[in-house]
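To start, the structure under review is shown below, and the notes come after it.
Both counts, for ligands and for their atoms, begin at 1 and track the order of listing. Both backbone and side-chain heavy atoms feed into the values below; hydrogens, waters and symmetry mates do not.
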Amino acid sequence: MAVQIPRGTQDILPGEVEKWQLIEETAKKMCQLYQYHEIRTPIFEHTELFQRGVGDTTDIVQKEMYSFQDRGGRELTLRPEGTAAVVRSFAENKMFGNATQPVKLYYLGPMFRYERPQAGRYRQFVQFGVEALGSMDPAIDAEVISLAMGIYRQLGLKKLRLVINSLGDKESRVAHRNALINHFQPRIQEFCKDCQSRLEKNPLRILDCKKDHDHELMGSAPSILDYLNEESAQYFNKVKEYLKAMKIDFQVDSTLVRGLDYYNHTAFEIMSEAEGFGAITTLCGGGRYNGLVKEMGGPDTPGIGFAFSIERLISAMETEEVQFERENGIDAYIISLGEEAKDYSVTLLEDMRRAGFSVERDYMDKKLKAQFKAAERLGATHSIIIGEDELKNGIVTVKNMTTGEQQECSLQNFVEEYSKLS
Ligand code: ATP
Ligand code: MG
């Protein structure tokens with residue numbers, strides 16, 4: 001039997017890949033406008049990086065990592081997300097010493113999680129994400145949110161909902177944590193095993209549980225917003241103020257907590273509200289993680305970022321029936337008749353491509369009519385016709401495929417004369 005593609009992965013074929021290219025180009029262009037610079041880190045890292053950076057109590061570390069031992073006995077893991085590695089690199093390359101601060105980075109690449117595959121959930125998926133490291137200005141929180149929304153807007157998405165929350169600083173979180181423990185403890189037996197172990201380790205994550213989502217204690221759980229100290233509340237107010245100044249609509253949801261342990265202050269998600277989008281509506285998640293750089297061995301440096309997957313973005317665009325920009329046709333298609341003309345087309349093709357034209361020819365020994373069909377299918381602006389007679393007379397016929405108009409160019413100066421046509 002033929003070998004098949006692994007579960008939870010997909011091939012992206014020509015025809016589909018243009019959507020990916022459009023999204024990638026748009027995201028990169030927006031990063032240029034916002035002055036975020038690309039960083040590329042390895043596909044695999046030491047397992048410990050994610051244990052420390054993502055957090056031991058998260059689903060990612062507990063259940064979803066592709067970990068293996070290499071031949072030298074090292075414990076390695078295919079990266080399940082991007083932030084931990086970017087922060088590692090920031091510390092390792094001493095970017096905290098860069099002249100320009102904050103350090104604004106973006107990444108784009110495959111991530112790996114051992115999940116139950118379903119719509120919008122893959123085992124290999126591509127994330128685009130940004131991290132701004134080094135600033136504790138709430139305007140950078142607003143900027144990061146604006147960038148994510150801007151990319152989506154640029155791609156034509158309209159049915160979006162931005163939800164924000166604050167998880168506060170350490171002091172606020174400790175106060176909230178104690179309130180959560182008091183709230184859930186008496187009835188923790190009614191919750192799943194994961195939540196029972198979360199109670200002591202990280203009760204905030206109980207609010208993020210997918211299994212116990214509908215338990216009545218969830219709705220009445222103490223809100224972090226009631227436990228924010230003065231400074232944290234002020235910070236959150238500033239972020240909201242800036243978003244309003246940027247005319248970006250948002251809702252505050254005090255139950256929004258991110259799955260990763262290192263978040264504090266601002267947390268946000270962008271969901272699709274497109275009808276029929278499916279059960280998983282979160283397109284993008286992000287937030288502030290002021291403790292992470294220190295945890296990774298760097299100096300105490302604040303940071304904020306987001307990540308979204310291209311897979312979910314494409315399904316949101318498809319659900320909203322956004323028009324993907326059509327790929328443009330090619331400049332020319334060379335139609336040759338007879339052995340000599342075919343031989344000559346090799347030179348012509350090469351000359352034209354060197355001059356920067358997109359050109360194609362027939363390699364399947366097709367008849368004249370079939371070659372014209374191929375030219376049409378590829379959306380060629382011109383077809384270039386070379387036959388025995390043309391060769392003898394040193395001329396080539398160029399046909400404009402839209403108007404049907406024909407012109408003759410000399411073989412000798414073909415590229416130059418053709419350039420003047422198009
Ligand atoms: P979810 O609650 O959907 O599992 P998450 O909290 O695990 O999301 P993050 O780790 O914050 O997600 O990742 C950010 C974004 O990456 C998500 O909002 C989503 O767009 C995308 N994403 C996460 N896991 C997958 C996956 N398995 N397949 C495709 N996209 C994914
Ligand atoms: Mg997940």
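Remark: ligand 1 atoms within the under-4.0 Å shell around heavy atoms of C284 are 18 (O). Listed by number with element, the atoms of ligand 1 under 4.0 angstrom from any heavy atom of A307 are 14 (C), 15 (C). Applying the 4.0 Å criterion to heavy atoms of R121 picks out, from ligand 1, the atoms 1 (P), 3 (O), 4 (O), 26 (C), 27 (N), 28 (N).
The shortest heavy-atom distance from R123 to ligand 1 is not under 4.0 Å. Residue contact annotation: E311 has no non-hydrogen atom under 4.0 Å from ligand 1.
Aromatic rings of F250 and F268 (six-membered ring for Trp) have centroids beyond the 6.0 Å cut-off, not under it.
Contact annotation for Q118 and ligand 1: no heavy atom of the residue comes within less than 4.0 Å of the ligand. Here L313 has no heavy atoms under 4.0 Å from ligand 1, in either its backbone or its side chain. Contact annotation: for E269 versus ligand 1, there are no heavy atoms closer than 4.0 Å. Under 4.0 Å from ligand 1, not a single heavy atom of E81 appears.
Of the possible donor and acceptor atoms, none in the side chain of R113 sits under 3.5 Å from a partner among the backbone N and O of Q124. Of the possible donor and acceptor atoms, one in the side chain of R205 sits under 3.5 Å from a partner among the backbone N and O of T57. Judged purely by atom type and a 3.5 angstrom limit, E311 uses its side chain to pair as donor or acceptor with the backbone of V126.
In this structure, F184 and F191 have perpendicular ring planes: the angle between them is above 60°, well past the 30° mark.
Looking at F125 next to ligand 1, no N or O pair under 3.5 Å apart turns up.
In Q35, the CD atom is crowded: over 12 heavy atoms of neighbouring residues, nucleotides or ligands sit closer than 6.0 Å.
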*Does the pair Y289 and H265 meet the rule for a ring-ring contact (aromatic ring centres under 6.0 Å, His included), with working shown?*
CA-CA 8 Å; Y289 47 82; H265 289 290; over 10 Å; no
